[in-house]
K.L.:
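Sending over a structure as structure tokens; questions will come in a sec.
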Amino acid sequence: MSDVILDIRGLEKSFGALKATDGVTLDLRRGEIHALIGPNGAGKSTLIKQITGEIRQDAGTVSFEGQAIDALDPAARARLGLARSFQVSSIVPEFTALENTMLAVLGAGGGVFRFLRPALADRGLTDPARFHLEQAGLALRERVPASALSHGERRRLEIAMALAMRPRAFLLDEPMAGMGAEGAKDLTVILSDLRGEAPILLVEHDMDAVFALADRISVLVYGRIIATGSVEEIRANPEVRRTYLGEDA
Amino acid sequence: MMLLSEQVLNGLQYGMTLFLMAAGLTLVFGVMGLINLAHGSLYMLGAFACAWVAGATGSFALGLIASLSAAAAAGALVEVVVIRRLYARDHLEQVLATFALILVFSEGARWVFGSFPLYLTLPSALSGAVMLPGGLQYPLFRLAIIGVGVAVAVGLWLLISRTRLGIRIRAGEADREMVAALGVDIARLYTAVFALGAALAGLAGALVGTIQSVQVGMGEPVLILAFVVIVIGGIGSIKGAFVAALLVGLTDALGKALLPSLFARVMEVSAANGIGTALGSMLIYILMAGVLIWRPQGLYGARA
Amino acid sequence: MSRLLELEAVTAAYGPVQALFGVGLGVDEAEVVALMGRNGMGKTTTVRTICRMMPATGGRIVFAGVDLLRLPSHRAAQLGIGLVPEGRRTFAPLTVAENLAVAARPGAWDLGRVTALFPRLGERLGQTARTLSGGEQQMLAIARALMTNPRLLILDEATEGLAPSVRHEIWAAIRALKQQGLSILLIDKSLKEISAVADRAVILERGETVWSGAMADVTTQIADRHLGV
Amino acid sequence: MGRDAALNTAVFAALVAVAFGAHVYGAPYVVTLATKAAILALAGVGLNLALGYGGMVSFGHAVFFGIGGYVTGIFASHAAAGTPVTTFPFTIAGSAEMLGIWPMAMVVTALAAVVIGALSLRTTGVYFIMVTLAFAQMVYYFAISWRAYGGEDGLSFYVRNSFPGLNTFAPLQFFAISAVLLAMAMAFSALVTRSRFGLALQAARANRQRVMASGIRPFALQLTAFVLSAAIVGLAGALYADLNRFVSPAMLSWHMSGEIMVFVILGGVGRLAGPVAGAGVFILLEQLLGGVSEYWQALLGLLLLAIVLYAPGGILGLLARGMRRV
Amino acid sequence: EGIKVGMITTLSGGGAGLGIDVRDGFNLALKRAGATDVEVIVEDDQQKPDVAVQIADKMIQSDQVDVLTGIIWSNLAMAVVPAAVAQGKFYLSPNAGPSALAGAGCNQNYFNVAWQNDNLHEAAGAYANSAGYKNSFMLAPNYPAGTDAITGYKRFYEGAAAGEVYTQLGQTDYAVEIGQIRASGADSVFFFLPGGMGIAFMKQYAESGVDIPLIGPAFSFDQNILQAVGDAALGVRNTSQWNKDLDNEANTAFVEAFQAEYGRLPSLYASQGYDTANLLLSAKAKADVADQDAFRAALEAADFASTRGEFRFGPNHHPIQDIYVREVVKEGDIYTNKLVGVALEDRGDAYAEECKM
Ligand SMILES: Nc1ncnc2c1ncn2[C@@H]1O[C@H](COP(=O)(O)OP(=O)(O)OP(=O)(O)O)[C@@H](O)[C@H]1O
Ligand SMILES: Nc1ncnc2c1ncn2[C@@H]1O[C@H](COP(=O)(O)OP(=O)(O)OP(=O)(O)O)[C@@H](O)[C@H]1O
Ligand SMILES: [Mg+2]
Ligand SMILES: [Mg+2]
């Protein structure tokens with residue numbers, strides 16, 4: 001079995017005249033955190049959406065564990081084991097934190113069409129959900145409706161839900177955003193441990209986190225990957241420093 | 001051939017009437033995002049006000065002014081007393097509230113004006129038929145309605161897409177709280193918009209009521225048709241409502257005119273009449289379902 | 001220096017759930033104040049009460065000598081409070097240009113100046129906000145607040161989701177705005193950047209002001225205790 | 001949770017108490033009214049499944065109510081006339097047995113719902129409201145011109161269908177049948193909404209994107225809920241036809257859809273006993289106000305307005321808040 | 001001993017005018033007769049069949065009325081009447097007369113005091129012949145009463161059909177149909193469009209420049225509707241079993257008393273309500289309602305002074321009466337009808353033979 005879990009080849013997507021992704025080729029390997037960085041509007045989120053199937057690419061293919069998944073809809077891809085987090089928290093506002101997380105467990109575990117047994121009494125859902133809430137630092141907030149969570153708490157919930165899907169690959173779109181300094185620190189530890197469980201494609205603007213976590217970094221600029229390499233290589237890349245990091249030195 | 005061209009004209013004309021009836025609703029529903037079932041009641045109110053004032057003074061122009069002002073005033077009142085408290089709530093509670101308003105308006109109108117239809121007839125300057133180029137006779141007043149419809153369409157489109165007021169209204173629909181936090185008095189803005197929508201409903205009531213009948217309950221069929229038009233066009237799009245109104249008008253007119261004879265080719269006349277007419281009544285709903293299944297966001301609606 | 005904004009013992013609640021238990025803070029003319037605290041401690045709630053997006057249940061809020069406590073939201077904005085809200089809240093169906101036009105009030109900031117600050121927005125004036133990238137939306141939110149030409153600019157995590165280079169630009173812009181005499185109330189997670197620009201800091205914990213003082217006095221010990229870093 | 005259950009039980013018990021009280025005090029008409037309330041509440045419980053929990057605001061549920069009614073009417077009238085309902089593709093005889101007619105009504109309604117639901121669910125929000133209305137209007141106009149079963153005049157069948165061991169003509173016994181079915185539907189809907197399916201369904205209402213990202217297809221959830229909802233409404237339609245011994249296109253009209261929706265909203269959207277409270281209160285007001293003035297509907301409107309303005313979340317929302325305060 | 005009457009009629013919404021007139025006419029007759037021992041319970045059916053059924057249940061079960069009456073609309077009558085008469089109540093129809101209740105579905109306890117639904121249309125057909133029309137265009141809504149109307153018209157009309165068009169129920173714009181009429185080469189237009197539909201049609205017709213003569217049944221020309229149509233209706237011939245200038249004693253007294261009591265001219269519907277009450281009173285004078293057979297016989301005798309002059313029942317308990325032609329005229333400020341002739345004499349109906357009772 002090859003080490004490449006997710007293989008993206010020549011993805012293209014245009015919005016009118018704008019090429020949001022322009023021939024992106026990229027892979028994600030077992031056990032790694034592959035960070036994807038790039039300026040705002042470079043096409044990172046668009047790339048994630050093409051991997052999850054929310055947006056259909058104009059050209060190129062995505063394969064997951066050796067199988068082309070271009071024909072599958074988002075739900076089918078999620079069931080194969082592709083979990084994503086959203087750049088803007090996407091939660092069910094009237095559900096409690098626990099119910100939100102249960103939803104993720106339910107989606108991953110299947111058995112949606114069961115009509116009679118109360119879900120809240122279903123240990124198969126609640127136990128894993130509680131576990132992942134705890135992991136994301138929300139154990140004390142499980143009964144709070146998601147609409148009453150603060151921004152940072154919602155970001156944590158987003159993480160809990162991604163974890164609860166127990167996927168075979170993570171696609172995380174700016175998980176650090178809004179977490180606060182403390183949250184970012186905690187999350188760095190969580191993600192670092194997680195890569196053993198499933199590889200992570202990490203889109204992030206928090207360079208401290210990226211440099212601390214990434215095994216490999218790819219830089220996406222206006223739809224094209226301009227560089228891929230180790231933390232040191234990317235840090236030293238003058239073009240990255242100029243266009244992205246904005247450092248003169 | 002003559003018949004067909006007359007029917008096409010009828011269809012376009014009917015479409016314009018529909019647009020006029022839907023115009024106020026586009027503003028309130030499409031742009032403000034409020035499901036106002038009482039739109040038909042405001043339409044009725046405009047017709048009653050016009051009939052009453054025109055009857056008392058003998059002047060159709062005064063009647064029109066009365067319909068505009070009565071409907072606008074009623075709209076503003078309704079917005080301040082009822083609607084305003086519901087923006088923050090579930091859309092469905094707006095449905096219930098405006099349903100209650102229908103009852104109040106309808107029976108209130110019956111209480112004030114009685115149970116019998118009112119007299120409202122064309123001003124003499126606009127009555128009778130004119131000869132169109134090509135030898136077609138056409139009622140003058142219907143041409144006037146077309147004119148008003150076009151004017152309202154253009155005016156509304158400019159208001160919504162070109163003025164700052166329009167931008168603010170749309171922004172308010174997207175995020176009320178945020179618009180207010182940027183310094184826009186959204187409450188007053190919405191009262192004004194609602195009153196404007198109501199005034200347009202009242203104007204339509206007066207104009208269309210003139211060639212139809214002015215009576216309690218006249219607003220109900222209008223309500224559904226107006227919603228059909230807006231939804232086919234795509235919510236929030238004036239252009240969409242305009243195109244959809246013409247499309248619905250044409251479909252309805254040509255369906256009614258042609259279907260029975262089409263069926264008569266394959267079956268006996270009276271059966272063909274029955275089926276043709278039944279299908280004719282369904283036609284605009286078939287059109288709507290078809291359009292929405294093909295384009296779930298309507299012809300010109302933004303994809304959500 | 002005169003006080004522009006003053007909060008005293010402000011309390012506020014979301015329905016039955018109290019969120020603020022006594023917040024006090026002050027912002028002077030041409031001063032930058034940082035509002036800090038862990039997730040869920042009441043920073044955003046404080047900002048929302050200042051902007052009158054939610055009612056305060058007690059205390060005092062005075063802006064430019066006017067008691068804000070009973071004023072509607074749009075009055076507060078008209079008095080000169082400009083908000084970049086948490087989560088951007090750009091008007092999704094409107095174009096970039098329209099987003100900017102909604103709020104525009106006469107003053108030094110106009111379309112030309114904000115697009116000079118964020119050239120990317122200038123390129124996308126006709127695009128609807130819904131389709132902007134996250135960072136672009138953030139720029140738009142800041143530009144929109146500037147278009148109101150506020151006396152006090154409130155930034156609630158305004159650099160979230162921005163690429164490092166843009167973030168540098170925004171911090172530079174904040175410094176420039178400060179130079180021009182604008183008062184700023186600032187929430188952000190980057191202690192390093194805040195330290196460089198803020199004059200004073202106020203720290204919240206469970207809806208209460210637990211510390212306030214000069215930025216320079218925020219020691220590692222204080223940061224560790226109240227912010228977890 | 002416990003409180004909600006108590007409230008729901010209390011509302012249902014109140015309806016039953018009214019019916020039995022009226023029977024004891026010799027007011028059979030009030031029993032009939034309570035039966036009407038129970039049947040319309042049953043329709044409301046059905047609609048609530050789609051509207052309240054599934055977020056599918058259907059403005060066309062009268063079509064299911066009417067189909068349920070027409071199935072009953074057609075079977076009953078053929079049974080009375082001794083003719084078969086159809087001879088193609090195989091012969092189906094008429095029937096006057098409620099136990100036979102109900103499943104038939106529910107199945108036919110469910111089939112209609114599969115078609116209407118599958119097409120309508122391509123749209124969302126207000127578009128969904130209007131597409132469902134469109135389908136209902138098509139069926140309505142069809143029924144109006146369907147001469148074989150009376151067209152606009154409707155179809156009378158003079159006698160009620162029979163239920164083994166009961167005299168369905170006795171108002172109280174017919175009420176009992178309706179109330180038991182209502183209770184069953186409420187229990188079913190309580191279970192479903194709390195189940196795994198209910199969890200996913202409610203999530204799909206609020207956030208489709210999230211549900212898809214979790215690996216669940218909202219379409220399948222929503223279509224299932226829509227069909228279940230329609231089947232319950234179809235059953236209610238069958239009962240209503242029996243109550244009146246009459247069906248007509250009025251049962252299919254948008255007024256009917258609106259009325260069922262009003263009951264649900266008035267009682268409290270997404271609340272189990274909401275439709276019961278809504279239908280009960282609405283019918284009560286209608287009866288009380290009818291005698292007050294010729295313009296009673298205006299009073300009804302004003303009262304409804306007062307309820308909307310001062311009772312967010314409907315009658316049950318108000319009661320629930322009241323209980324919390326005590 | 002008294003008698004208890006349940007009146008189910010439409011008192012709210014768009015169709016309220018008809019119900020109000022029936023009720024007022026009915027009450028006027030009782031008042032003039034000083035019949036204090038007739039108790040009338042009036043309920044509003046909101047023009048909804050299910051509501052009508054439930055009111056009927058209430059009146060039968062709780063109020064224990066002896067006689068039901070009042071329904072305006074055929075579809076409501078179809079919903080209520082069969083079950084009511086099956087439970088042994090008398091039903092006197094002051095307006096609706098669906099064919100099903102005149103033919104195979106007739107019942108010994110059901111009496112129609114107005115007309116069988118086809119009657120006025122038949123008269124219109126007969127009138128068309130006598131006016132020498134050879135090519136009629138026919139227009140009616142697409143529902144049973146509409147098809148009955150055209151069937152009724154054609155039963156007597158002998159000329160050719162220039163067109164036969166069914167419109168949507170509740171339609172308010174008739175430009176398309178008027179276009180078809182214009183193109184049809186017809187010499188006359190028969191239309192049955194009750195209520196607001198008729199108002200809209202006539203107004204639009206008058207503006208269209210088409211001037212083919214119109215004929216219709218009285219429903220679009222009643223006192224209350226004419227005021228809303230205005231000049232557009234002037235000169236149109238229509239058929240009715242009653243008019244306010246019918247020269248008989250009962251009618252003169254009725255018209256005068258109605259105006260004095262309610263301050264408006266009576267309509268067709270008011271006269272029907274008035275006749276219904278008088279029929280009831282005549283039977284009550286002869287027999288006790290508890291003795292069903294005697295009471296029924298008394299009703300069958302129809303021994304009362306009808307506002308229509310001659311009035312008797314046929315074997316299916318539907319009227320046999322003259323039907324007149326009227327013309328719309330303006331008297332001072334008021335639009336009204338003037339009698340111009342008789343269209344059909346002693347007309348019964350086409351369904352009586354199917355009635356076995
Ligand atoms: N539906 C759309 N229509 C038009 N343009 C779009 C659409 N969706 C995205 N874009 C544009 O495509 C570009 C890429 O957007 P994307 O969201 O992928 O950026 P990103 O790399 O995630 O940026 P950020 O770091 O700011 O989140 C942006 O310029 C955006 O405006
Ligand atoms: N809409 C709401 N309804 C009820 N409670 C809320 C709501 N919004 C926030 N809260 C609660 O109020 C408290 C303060 O929240 P606030 O958003 O002010 O925190 P914050 O300091 O801005 O946090 P963050 O850093 O995560 O943005 C939190 O406990 C939160 O759960
Ligand atoms: Mg992004
Ligand atoms: Mg916050």
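Note that the structure is a prediction, hence the values are computed from the model and not measured. Just so it is clear: chains get the letters A, B, ... in the order the sequence lines come, proteins before strands, and each one is counted from 1.
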K.L.:
Describe, in one word, how the ring planes of E:F190 and E:Y153 are oriented to each other, choosing from parallel (under 30°), tilted (30 to 60°) and perpendicular (over 60°).
P.N.:
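Because their plane-to-plane angle is under 30°, the rings of E:F190 and E:Y153 count as parallel.
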K.L.:
Below 4.5 Å from any heavy atom of chain B, which atoms of E:Q171 appear? Answer side chain, backbone, both or neither.
P.N.:
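Side chain of E:Q171 only, per the 4.5 Å heavy-atom cut-off to chain B.
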K.L.:
Do E:Y274 and E:N27 pair up side chain to side chain, a donor and an acceptor below 3.5 Å, judged on atom types alone?
P.N.:
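E:Y274 vs E:N27: no donor-acceptor pair found between side chains.
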K.L.:
Tell me, for E:E207 versus chain B, whether the close heavy atoms (under 4.5 Å) come from the side chain, the backbone, both or neither.
P.N.:
both
K.L.:
For the residue pair E:N337 / E:D222, report whether a side-chain donor-acceptor contact shorter than 3.5 Å exists.
P.N.:
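No.
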K.L.:
Looking only at side chains, do E:Q204 and B:R142 share a donor and an acceptor under 3.5 Å apart?
P.N.:
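Present: a donor and an acceptor within the cut-off.
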K.L.:
Is it true that E:D231 and E:Y335 share a donor-acceptor pair across their side chains at a distance under 3.5 Å?
P.N.:
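E:D231 and E:Y335 do have a side-chain donor-acceptor pair below 3.5 Å.
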K.L.:
Where on B:S281 is there a heavy atom nearer than 4.5 Å to chain E: the side chain, the backbone, both, or neither?
P.N.:
both
K.L.:
Check each atom of B:P260 against the heavy atoms of chain E and say whether the ones under 4.5 Å are side chain, backbone, both or neither.
P.N.:
neither
K.L.:
With a 4.5 angstrom heavy-atom cut-off, could you sort out which part of E:L11 is near chain B: side chain, backbone, both or neither?
P.N.:
backbone
K.L.:
Verify the distance criterion only: is there a donor paired with an acceptor across the side chains of E:T336 and E:Q223 at less than 3.5 Å?
P.N.:
yes
K.L.:
With distance as the sole criterion, is a donor-acceptor pair present between the side chains of E:R23 and E:T9 under 3.5 Å?
P.N.:
no
K.L.:
Heavy-atom pairs under 4.5 Å with chain E: which of B:L254, B:L122, B:T121 has the most?
P.N.:
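Answer, by heavy-atom pair count under 4.5 Å with chain E: B:L122.
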K.L.:
So for B:I211, is it side chain, backbone, both, or neither that comes closer than 4.5 Å to the heavy atoms of chain E?
P.N.:
both
K.L.:
Is a side-chain donor-acceptor pair under 3.5 Å present for B:Q13 with B:N10?
P.N.:
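No, B:Q13 and B:N10 have no side-chain donor paired with an acceptor closer than 3.5 Å.
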K.L.:
When only pairs under 4.5 Å are counted, which of E:G179, E:A183, E:G170 shares the most heavy-atom pairs with chain B?
P.N.:
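If we count pairs closer than 4.5 Å to chain B, E:G179 comes out on top.
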K.L.:
What residue in E:G17, E:G19, E:G15 has the most heavy-atom pairs under 4.5 Å with chain B?
P.N.:
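Maximum pair count with chain B is reached by E:G17.
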K.L.:
Between B:Q215, B:K256, B:Q212, who has the most heavy-atom pairs with chain E when the cutoff is under 4.5 Å?
P.N.:
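Among the listed options, the one with the most contacts to chain E is B:Q212.
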K.L.:
Top residue by heavy-atom pair count (under 4.5 Å) with chain E, among B:G209, B:S213, B:P221?
P.N.:
B:S213
K.L.:
Contact part of E:T167 toward chain B, heavy-atom cut-off under 4.5 Å: side chain, backbone, both or neither?
P.N.:
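Only the backbone of E:T167 comes within 4.5 Å of chain B.
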K.L.:
So E:F219 and E:Y269, would you call those rings parallel, tilted or perpendicular, with 30° and 60° as cut-offs?
P.N.:
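Taking E:Y269 first and then E:F219, their aromatic rings lie parallel (interplane angle under 30°).
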K.L.:
Given heavy-atom pairs under 4.5 angstrom as the criterion, report whether the side chain, backbone, both or neither of B:A109 touches chain E.
P.N.:
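Contact with chain E involves no heavy atom of B:A109 at all.
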K.L.:
Counting heavy-atom pairs closer than 4.5 Å to chain B, which one of E:G196, E:G230, E:A232, E:G146 comes out on top?
P.N.:
E:G196
K.L.:
At a 4.5 Å cut-off on heavy atoms, which part of B:L103 comes close to chain E: side chain, backbone, both, or neither?
P.N.:
neither
K.L.:
Calculate, to the nearest 0.5 Å, the distance between atoms CD1 and CG belonging to E:I20 and E:D44 respectively.
P.N.:
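E:I20 CD1 to E:D44 CG: 9.0 Å, rounded to 0.5 Å.
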K.L.:
Report which part of B:E220 has an atom under 4.5 Å of a heavy atom belonging to chain E: side chain, backbone, both, or neither.
P.N.:
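Interface part for B:E220: neither.
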